[in-house]
**Student:** 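What follows is a structure written as structure tokens; I'll ask about it next.
Just so we're clear, the structure is a prediction, and the values are computed from it rather than from any experiment. The first residue of the sequence shown is numbered 1, and numbering continues consecutively from there.
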Amino acid sequence: MKSWLWAGTLGVTSLAWIVGIAIAQQPRKVDDAALRNSGKTGEEWLTNGLNYGETRFSPLKQINASNVSRLGLAWSYEMGPGGGTQESTPLVSNGVMYSVTNWSIVFALDARTGKEKWRWDPEVNHAAVAPKICCGVVNRGLGLYESKVFVPVNDGRLVALDMQTGKPVWEARVAYPQNSYTLTMAPRVIRGRVLVGVSGAEYPVRGFIAAYDANTGREAWKFYTVPGDFSKPPENEAMRRAMATWDTKATTQGWGGTVWDSISYDPESDLVYFGTGNAGPWPANLRHAENKENLYVCSIVALKAETGEYKWHFQLVPGDSWDYDAVQQLVLADIAINGQPRKVIMQASKNGFFYVLDRLTGKFISGQPFAKVSWAKGLDEATGKPIVNEGARYDDEKAAVVQPGPNGAHNWAPMSFNPNTGLVYIPSASGITFSYASDPNFELKPGQLNLGIVFGAPAGGRGGRGRGATANGGTQTGGEVATAAAQAASAPAVPAKAATRQPEPPVIGPDLTGNLLIAWDPVSHSVRWSKQGGGSTGGGTMTTAGNLLFQVVPNGLFRVYSADKGDLLLEIQTNLRSAMGPPMTFELDGKQYVTFQGGQGAAGTGFGGGAASRITPKLLTFVLDGKAPLPQPPPEDAK
Ligand code: CA
């Protein structure tokens with residue numbers, strides 16, 4: 001009797017053990033349901049931004065305020081030579097980590113150990129493609145679906161790789177670098193299609209987003225964001241409306257509105273959301289765009305995901321003159337406003353305003369500056385349209401000194417939203433002015449940057465040439481300004497007549513200056529807490545149910561704060577120094593890990609240099625009580 005009971009118990013236990021192993025070994029599918037539920041458990045990180053709403057909020061809480069000080073390196077992976085910022089957020093599925101270098105080299109690692117499973121190099125022609133990427137050679141990430149990994153290659157190809165082997169399955173041509181198009185954004189996979197947009201508004205190109213069949217790579221639909229050839233009929237009703245907002249003398253092809261960072265998705269309404277970049281060239285007068293909206297530049301646009309059909313748009317900056325791309329993360333949340341639950345879409349835009357819109361209709365709910373702003377007095381309460389300061393407008397006779405500048409109050413560095421604290425964590429730059437004046441001798445040069453503004457001496461005294469960037473209280477690296485200024489430095493001096501510098505318009509927004517991390521309350525539109533360190537580009541944030549806010553600082557510091565109060569709980573010097581990417585988290589075999597990548601690397605393209613170029617880019621993974629050694633500092637920094 002006793003032995004039978006014992007044997008019986010063993011049998012049941014063994015069976016449970018065997019079934020448990022079988023379940024554990026059954027790979028989890030990355031199908032539509034998995035993507036819709038991505039981030040619900042936090043174990044895997046299947047899509048850019050963790051979920052379709054791009055919250056970068058993980059419910060994991062093994063790492064929390066009481067133990068985060070024990071966080072140490074579990075393992076690291078050498079990513080290769082580099083030569084740009086490592087902007088990708090790695091993905092994790094079935095214990096495998098997938099990520100991509102700035103030159104679009106894809107790698108798969110055992111997420112427990114960092115051991116490489118495979119690596120695939122698209123062999124981009126560096127010399128040909130680097131000059132076609134306005135702001136540094138970068139790649140912001142990958143997509144996963146069923147058995148494939150999707151990589152938007154810098155040179156305009158979209159490639160599907162076999163998840164197991166890293167071998168190419170299909171290749172689609174999204175656009176050609178010969179036409180000044182490049183790809184830098186992470187794709188979004190929605191119901192069996194891979195969506196991706198293009199970069200190149202500074203050249204400029206005609207912006208678009210397109211959807212490709214995940215099985216075949218065949219194009220399913222394409223949506224242009226700005227009109228093309230005015231002598232031809234518009235592609236659709238949305239383009240017909242857009243054409244009326246442009247001067248037909250201005251162009252025959254390509255005026256910006258590129259889609260280069262965020263794509264979010266609401267499965268309930270089947271609406272896909274993306275932001276659009278600036279118009280090109282930058283100054284409105286060079287596009288004959290004074291008092292014209294130039295649809296759909298600097299806008300948030302919603303399309304029906306199934307068909308690519310236009311549903312609504314909200315234009316943040318009509319007739320943009322300041323390079324205020326509206327492509328920053330589009331975070332979806334259900335929050336209570338005036339006691340009413342609202343389905344919202346939120347953006348901390350380059351232009352310095354934080355926007356809350358109804359995501360079903362595109363109707364403006366609220367918006368206030370989260371950083372110092374002088375180009376506008378505020379937003380119209382009913383429409384959300386900016387009330388532009390006259391002193392912010394410029395041409396070749398009047399220069400305008402405004403803030404934020406072209407690098408923005410918030411650029412690509414990801415923000416995150418924690419539903420427990422109700423706060424949005426924004427990597428930001430505040431108090432940085434820029435002097436704009438149109439180039440009086442502007443001529444469109446095909447295949448080159450065509451910003452249309454004059455670079456020269458920093459903004460000087462009254463009546464001076466009044467142009468160039470000035471950084472007050474902070475510096476920014478990368479971006480159009482650095483590239484264009486470098487080009488201008490090698491170009492012959494422009495025999496321009498002096499543009500009169502207008503008085504700087506009044507500044508609104510929180511009294512914060514420098515490169516910052518801002519914890520923003522999107523309901524009351526106020527700063528709950530803020531910390532020095534960060535910036536609108538580089539690194540980024542991720543937040544968890546452990547009441548933690550993880551921040552990768554562009555200079556290579558890794559910091560963890562309490563999400564509610566902003567208490568600094570941990571700071572680690574990674575020694576990677578620059579070119580940092582955003583953090584992510586996952587759980588495997590009962591352990592929570594935190595991963596990010598960074599480091600400039602030697603294959604420089606005019607950015608970085610010095611000690612930073614001697615650091616090999618690395619992907620770092622942290623765990624509680626991790627004991628692996630951190631990267632060594634560059635030799636000249638070692639004491
Ligand atoms: Ca831009």
Side-chain angles (χ1 to χ4, degrees), residues 36-37 39-40 49-59 61 262 264-273 275 300-302 311-316 326 328-349 351-371 373 376-387 410 415-426 428 508-510 512 517-530 541 543-549 561-566:
R36 261 199 316 277
N37 293 317
K40 289 246 167 87
L50 181 59
N51 46 46
Y52 276 143
E54 293 200 318
T55 61
R56 292 178 190 256
F57 167 76
S58 167
K61 49 188 175 190
S262 175
S264 58
Y265 175 60
D266 178 4
E268 242 177 84
S269 60
D270 194 38
L271 291 181
V272 60
Y273 310 98
I300 296 168
V301 182
K311 294 305 280 190
W312 59 255
H313 79 276
F314 175 85
Q315 190 175 42
L316 286 69
Q328 295 68 45
Q329 299 85 51
L330 295 164
V331 171
L332 311 186
D334 296 351
I335 59 177
I337 295 173
N338 299 328
Q340 295 296 313
R342 299 290 298 265
K343 291 180 186 300
V344 304
I345 183 167
M346 304 187 281
Q347 184 183 66
S349 200
N351 72 23
F353 287 93
F354 190 96
Y355 292 83
V356 182
L357 311 179
D358 182 311
R359 73 171 177 264
L360 298 179
T361 62
K363 194 175 166 0
F364 177 74
I365 294 175
S366 59
Q368 290 292 334
F370 61 90
V373 166
K377 291 181 177 72
L379 305 178
D380 181 278
E381 276 186 30
T383 64
K385 281 195 190 306
I387 305 155
H410 175 224
M415 70 179 193
S416 51
F417 169 67
N418 189 320
N420 298 341
T421 62
L423 298 175
V424 179
Y425 305 94
I426 312 167
S428 178
I508 56 168
L512 296 170
L517 169 63
I518 295 173
W520 178 257
D521 181 337
V523 176
S524 67
H525 284 292
S526 57
V527 177
R528 185 76 63 82
W529 54 263
S530 70
T541 70
T543 183
T544 68
N547 187 33
L548 297 179
L549 184 281
Y561 296 94
S562 65
D564 55 352
K565 297 205 173 68

**Student:** Looking at every heavy atom in both Pro369 and Pro510, which two are closest together, and how far apart are they?
**Tutor:** O-CD, 3.3 Å
**Student:** Do side-chain atoms of Asn547 reach the backbone of Asp564 as a donor and acceptor pair under 3.5 angstrom?
**Tutor:** yes
**Student:** For the atom pair CE (Met346) and CD (Gln329), what is the distance rounded to the nearest 0.5 Å?
**Tutor:** 11.5 Å
**Student:** So Phe314 and Tyr355, would you call those rings parallel, tilted or perpendicular, with 30° and 60° as cut-offs?
**Tutor:** perpendicular
**Student:** Taking atom CG of Asn351 and atom CG of Leu379, what is their separation to the nearest 0.5 Å?
**Tutor:** 7.5 Å
**Student:** Is the closest side-chain heavy-atom distance between Val424 and Val331 below 4.5 Å?
**Tutor:** no
**Student:** Are any of the side-chain heavy atoms of Leu357 and Tyr273 separated by less than 4.5 Å?
**Tutor:** no
**Student:** Say you draw a straight line from NZ of Lys311 to CG of Leu271; how long is it, rounded to the nearest 0.5 Å?
**Tutor:** 7.0 Å
**Student:** Going by atom type alone, with no hydrogens or angles, which donor-acceptor pairs under 3.5 Å involve a side-chain atom of residues 518-526 and a protein atom two or more places apart or on another chain?
**Tutor:**
{"from": "Asp521", "atom 1": "OD1", "to": "Val523", "atom 2": "N", "distance (Å)": "2.8"}
{"from": "Asp521", "atom 1": "OD1", "to": "Ser524", "atom 2": "N", "distance (Å)": "3.2"}
{"from": "Asp521", "atom 1": "OD2", "to": "Ser524", "atom 2": "OG", "distance (Å)": "3.1"}
{"from": "Asp521", "atom 1": "OD2", "to": "Arg528", "atom 2": "NH2", "distance (Å)": "3.3"}
{"from": "Ser524", "atom 1": "OG", "to": "Ser526", "atom 2": "OG", "distance (Å)": "2.7"}
{"from": "His525", "atom 1": "NE2", "to": "Ser366", "atom 2": "OG", "distance (Å)": "2.6"}

**Student:** Could you tell me whether the side chain of Asp380 and the main chain of Ile387 form a donor-acceptor pair under 3.5 Å?
**Tutor:** no
**Student:** Measure the shortest side-chain to side-chain distance between Arg342 and Asp358 over non-hydrogen atoms and say whether it is less than 4.5 angstrom.
**Tutor:** yes
**Student:** Backbone N or O of Gln347 within a donor-acceptor pair of the Gln328 side chain at under 3.5 Å?
**Tutor:** no
**Student:** Taking the side chain as every heavy atom from C-beta outward, state whether Tyr561 and Tyr425 have any pair of such atoms under 4.5 Å apart.
**Tutor:** no
**Student:** Restricting to salt bridge (charged side-chain N to carboxylate O under 4.0 Å, His left out), what partner residues turn up for Glu268, sequence neighbours left out?
**Tutor:** Lys343
**Student:** For the backbone of Gln340 and the side chain of Asn338, can you confirm whether one donor and one acceptor N or O come within less than 3.5 Å of each other?
**Tutor:** no
**Student:** I need the minimum non-hydrogen distance between Pro59 and Ala545, along with the two atoms involved.
**Tutor:** O-CB, 3.3 Å
**Student:** First locate atom CG of Leu332, then atom OG of Ser269, and finally report the distance between them rounded to the nearest 0.5 Å.
**Tutor:** 8.5 Å
**Student:** Please check this pair: side chain of Thr543 against backbone of Leu548, looking for a donor-acceptor N/O pair closer than 3.5 Å.
**Tutor:** yes
**Student:** If I take atom CD1 from residue Ile426 and atom CZ from residue Phe370, how far apart are they, to the nearest 0.5 angstrom?
**Tutor:** 5.0 Å
**Student:** With a 3.5 Å cut-off and no angle check, do the side chains of Ser416 and Thr541 form a donor-acceptor pair?
**Tutor:** yes
**Student:** Starting at OG1 of Thr421, measure out to CG of Leu549 and round the result to the nearest 0.5 Å.
**Tutor:** 8.0 Å
**Student:** If every non-hydrogen atom of Leu316 is compared with every non-hydrogen atom of Ala326, which pair is closest and at what distance?
**Tutor:** CD2-CB, 4.0 Å
**Student:** Is there a side-chain contact between Val356 and Phe364, using heavy atoms and a 4.5 Å cut-off?
**Tutor:** no
**Student:** Just to verify, what does Lys40 make a side chain to side chain donor-acceptor pair (under 3.5 Å) with, not counting sequence neighbours?
**Tutor:** Asn37
**Student:** Spell out, as yes or no, whether a donor-acceptor pair under 3.5 Å connects the side chain of Arg359 to the backbone of Ala333.
**Tutor:** yes
**Student:** Donor-acceptor pair, distance only, cut-off 3.5 Å: does the side chain of Ser264 make one with the backbone of Glu54?
**Tutor:** no
